Amino acid sequence: MTARQSPSLKGAVRAPGDKSMSHRSMILGAMATGVTEVDGLLEGDDVLATARAAEAFGATVERLGEGRWRITGRGGFAAPSEVIDCGNAGTGVRLLMGAAAGYPISVTFDGDDSLRKRPMKRVTGPLADMGARLAWQGAEDRLPVTIHGGTLTAIDYVQTVASAQIKSAILLAGLNAEGVTSVTEPEKSRDHTERMLRAFGAEVGVEEQGEGWRVTLQGGQPLTGTVVSVPGDPSSAAFPLAAGLVVPGSEVTVEGVMLNPLRTGLFETWREMGADLTITNRRIAGGEEVGDVTARHSALKGVVVPESRAASMIDEYPILAATAAFAEGVTVMRGVGEMRVKESDRIALMVAGLRACGVAVEEEPEGFLVTGGSVKGGGTVHTAHDHRIAMSHLVLGLAADEPVTVDEPGMIATSFPGFEQLMRGLGADIAAAE
Ligand code: S3P
């Protein structure tokens with residue numbers, strides 16, 4: 001797919017539903033007793049894999065209309081008759097492993113080539129400490145893995161990095177463990193699991209601890225089906241908004257964006273860079289604050305992103321780097337080693353992609369620095385099947401001097417189905433490469 005320098009982008013769009021909340025609504029819906037009605041669900045490939053998993057674990061999953069789904073849970077997971085294939089979804093597999101570990105069943109989890117390269121012991125380690133048994137089918141720490149669950153004992157787990165996936169997996173296992181499970185994080189990671197567990201009727205305790213917190217959960221609490229309204233995903237809204245910031249003369253609004261403060265680090269950083277970003281129509285929807293975010297073309301300047309902000313924008317560094325390429329001066333992004341174990345090694349791929357487009361980038365083991373200005377473009381970017389690497393470079397191409405091509409746009413559908421059409425609707429020149 002190729003993106004070309006575009007005239008000013010104008011318009012208002014809706015971002016697809018939040019990926020984190022969509023996965024959780026399927027998983028908790030399947031663990032709960034009774035009916036869960038979801039609207040605004042992200043119908044991306046990642047979440048659809050989790051929906052299939054929910055069915056394989058015995059829930060009834062029905063699509064009622066666009067983004068409207070009904071999950072009828074049986075109050076627990078039954079043994080699936082097949083391997084649970086989570087596709088490309090790290091969140092899906094890690095949360096499902098935690099949930100499944102609490103039931104007396106044996107389950108084999110697998111994923112696509114990218115997911116098979118990602119570390120799993122960060123989740124299976126604590127699950128084993130709780131009493132789950134694991135059998136790696138190939139290399140240790142990598143999918144496929146079989147989990148033999150049941151009879152778990154609560155643990156007090158102290159995380160070295162803030163990770164909502166690890167925290168959530170332990171809490172979901174803790175729901176069916178004997179005793180009180182606790183997870184302590186050095187910094188606060190997104191709290192959608194905690195919020196949604198409460199909506200399903202469970203009590204979750206939180207104590208502030210320095211920059212982070214300790215989350216506690218008593219085992220044996222039942223979940224009851226509920227209504228979940230999924231707001232727009234700030235991590236997806238970031239792409240059309242970034243295009244609005246870098247394409248001269250633009251004004252782009254994304255409506256209904258979730259504004260949970262543990263997800264909005266990018267917006268804060270853009271403001272520090274001088275971005276003209278306004279939020280209107282703030283309201284509460286689905287237990288989260290949402291608003292309409294407008295980005296107007298802005299003269300950006302480089303900033304040092306505080307390392308303590310990493311957890312609140314970990315998926316947004318690729319698109320931040322693309323906008324930093326147009327900012328005057330250097331943008332310093334450090335303390336983001338976790339980027340190397342996402343859908344791809346996102347530090348290496350952003351460094352290579354930006355360099356292929358004539359941008360000066362310095363790579364460090366746990367970070368990277370982008371020196372901005374005007375962007376030459378003209379590169380063909382290797383995405384390693386990573387949706388966010390693809391979308392970030394397509395946005396770059398909209399304001400670069402020469403077209404930017406990404407080698408594999410298909411994976412964009414994991415988180416942002418309809419991305420190309422939505423961007424074209426704003427006036428972006430994006431099309432299949434010739
Ligand atoms: C997610 C947590 C983050 C994030 C991922 C979604 C979640 O991962 O990168 O896209 O929904 O819990 P980590 O918890 O591994 O940082």
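One-based numbering, in listed order, for ligands and for the atoms of each. These values consider heavy atoms only, across backbone and side chains, with no hydrogens, waters or symmetry-generated copies. This structure is a prediction, so every number in the text was calculated from the model and none was measured.
- Considering backbone and side-chain N/O of E338, none are found under 3.5 Å from N/O of ligand 1.
- The residue K167 has no part lying near ligand 1, judged by heavy-atom distances below 4.0 Å.
- None of E194, Q159, R214 except one satisfies the side chain to side chain contact (heavy atoms under 4.5 Å, CB included) rule with V183; the exception is Q159.
- Interface atoms of ligand 1 facing D315, defined by a heavy-atom separation under 4.0 Å, are 4 (C), 5 (C), 9 (O), 10 (O).
- Side-chain atoms of D141 come within 3.5 Å of backbone N or O of M120 as a donor-acceptor pair.
- Not one N or O of R122 is nearer than 3.5 Å to an N or O of ligand 1, by distance alone.
- Inclusion of Q165 in the set of residues having an N or O under 3.5 Å from an N or O of ligand 1 is warranted.
- Shortest non-hydrogen contact noted between F368 and A321 is CE1-CB, 3.6 Å.
- Considering backbone and side-chain atoms alike, K342 places an N or O below 3.5 Å from some N or O of ligand 1.
- At least one N or O atom of R24, backbone or side chain, sits closer than 3.5 Å to an N or O atom of ligand 1.
- Taking all atoms of both residues into account, the shortest heavy-atom contact from D156 to S182 is OD1-OG, 2.6 Å.
- Atoms of ligand 1 found under 4.0 Å from any heavy atom of I314 (numbered from 1 in listed order, with element): 9 (O).
- D233 contributes a side-chain N or O that, together with a main-chain N or O of K19, makes up a donor-acceptor pair within less than 3.5 Å.
- Counting only N and O atoms by type, the side chains of R263 and S312 include no donor and acceptor under 3.5 Å apart.
- With ligand atoms numbered from 1 in the order given, ligand 1 contributes 12 (O), 14 (O) to contacts under 4.0 Å with heavy atoms of A164.
- Here H23 has no heavy atoms under 4.0 Å from ligand 1, in either its backbone or its side chain.
- Judged by distance alone, the side chains of S114 and H385 never bring a donor and an acceptor atom under 3.5 Å apart.
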- Task: List the steps, then state whether salt bridge (Lys or Arg N to Asp or Glu O under 4.0 Å) holds for K167 with E187.
- Result: CA-CA 12 Å; K167 173 179 65 178; E187 261 124 33; over 6 Å; no

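- Near T91, meaning under 4.0 Å from one of its heavy atoms, ligand 1 places the atoms 1 (C), 5 (C), 6 (C), 7 (C), 11 (O).
- Heavy-atom contacts of S20 reach the following atoms of ligand 1: 6 (C), 7 (C), 11 (O) (cutoff under 4.0 Å).
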